[in-house]
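Chain A is the first sequence line, chain B the second, and so forth, proteins listed ahead of strands; every chain is numbered from 1. Below, each value reflects all heavy atoms present in this structure, side chains not excepted, and no hydrogens, waters or symmetry copies.
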Amino acid sequence: MPVRNIRRRYLRFNVYSKNELNGINVYEGIKTSIKELYGLKGLIKADPKLIEYDPLKKSGILRCTHNELINTRAAIASITKIQDCELAIHVLKVSGTIKALKRKTSSDF
Amino acid sequence: MNKYIDLHLKQPIDVFEAKQMVDLAEILGYSGVALAVDNNSKIFKIESKIDIITRLNLSCTTQKQLLDSLNKYRKKFEIISVQSLTKEVARQAAKDHRVDILTFPRDPLLRKNVWLDYRVASLAGDSTCSYEINFFDLINKKILANSVLNIIKKEVLNAKKRKIPIILASGASEALEMREPKALTSILNLIDVSEEEAKKMITINPANIIKLNRMKLSSKFVQPGVRRV
């Protein structure tokens, strides 16, 4: 049976902030945080990608590599400010596929 | 299922804000939170499904000040933590059985002098107190993060050597500073603490302190090992 070379993890997150932020700002904030904590090498290893972000619900899905899940979580947790907007990002669920993640969190959304 | 406990939420002035923090803690998956006050102000009575623990943060500069405060407040709060601002206080707090949690200053310049060195750790090892890591000390960008991380790493090693229970708490003073339990455990990866160890710091260790102190504060308690039946 063929095996994928890179195993991914998909994280459903919620943004708690007083102001509104768009997906690009959130994505850039996460990338900056990973780079601050683990450097450029860490960022390349984690390979984060924003799959979707809903600015109204302030919720989104981020993809990262399986091995760097803990580092990505730590980097997300350490974000306190993006572009002078104070915020907190909470990871609600983690899954191996987008489909399973959406199924798991369907009750919340 | 793991019961996560955040032993350090600083109680805000406003009761609605405190309620908001407790509600958020429930959403994030905590089964208990400790609301902490800095002086003898009252802990708000908040109705919630999760367990709310009362905590007093003492910040002392002299040994006498610490002993007086302990005599005065020990029986009023479920948990007493001491933030040592001098070495003298750190050593007294470490050997006093009435102190539950030892914390150290956030400021790296102060922390260079007062920290969980091997002397304080050996005193604490013979006592019942625990050592607390606050999540916001690890990620505070206003201060020099790397120097604080280095000190905390050394403190964790000293605590492990002397078998002092380590507690991981958020130290949040508002809802925006709160994080989910797994975020707290993953950040300890920065100071080479494994996920399993970190999990213990936020589940078993705080639960043990609460259990012991509630037993001590109950009317049936006479002295360690003796209780009224």
Qualifying salt bridge (charged side-chain N to carboxylate O under 4.0 Å, His left out) pairs with a residue from residues 157-173 of chain B, counting only residues at least two apart or across chains = B:K160-B:E197
request  = Output the distance between atom OG (A:S78) and atom CZ (B:F136), rounded to the nearest 0.5 Å.
outcome  = 9.5 Å
query = Would the number of heavy atoms belonging to other residues, nucleotides or ligands and lying under 6.0 Å from NZ of B:K200 be above 12?
reply = no
inquiry  = If I take atom CG from residue A:L37 and atom CD1 from residue B:I187, how far apart are they, to the nearest 0.5 angstrom?
reply    = 6.0 Å
ask   = Which atom pair, heavy atoms only, marks the closest approach of B:S186 to A:A74?
value = OG-N, 3.5 Å
inquiry  = Minimum heavy-atom separation for A:I89 and B:E180, please, with both atom names.
reply    = O-OE1, 4.1 Å
Side chains of B:K182 and A:H90 in contact at under 4.5 Å (non-hydrogen atoms) = no
ask   = Which one of B:L190, B:L176, B:T185 has the most heavy-atom pairs closer than 4.5 Å to chain A?
value = B:L176
query = So what's closer than 4.5 Å to chain A heavy atoms on B:E177: side chain, backbone, both or neither?
reply = neither
task = Determine whether more than 12 heavy atoms belonging to other residues, nucleotides or ligands lie under 6.0 Å from atom CD of A:E52.
result = yes
Neighbour count above 12 (heavy atom, 6.0 Å) for B:Y118 OH = no
query = How far does OH of A:Y38 sit from CG of B:N189, to the nearest 0.5 angstrom?
reply = 5.0 Å
ask   = Has A:K35 got more than 12 heavy atoms of other residues, nucleotides or ligands less than 6.0 Å from its NZ?
value = no
ask   = For B:L188, is it the side chain, the backbone, both, or neither that has a heavy atom closer than 4.5 Å to a heavy atom of chain A?
value = neither
ask   = Among residues 63-72 of chain A, which residues come closer than 4.5 Å to chain B, judged by heavy atom distances?
value = A:I70, A:N71
query = What are the two closest non-hydrogen atoms of A:A77 and B:R179, and how far apart are they?
reply = O-NE, 2.6 Å
ask   = So does A:K58 have more than 12 non-hydrogen atoms from other groups sitting under 6.0 Å from NZ?
value = yes
key: Atom group of B:L28 that falls short of 4.5 Å from chain A, counting heavy atoms   = side chain
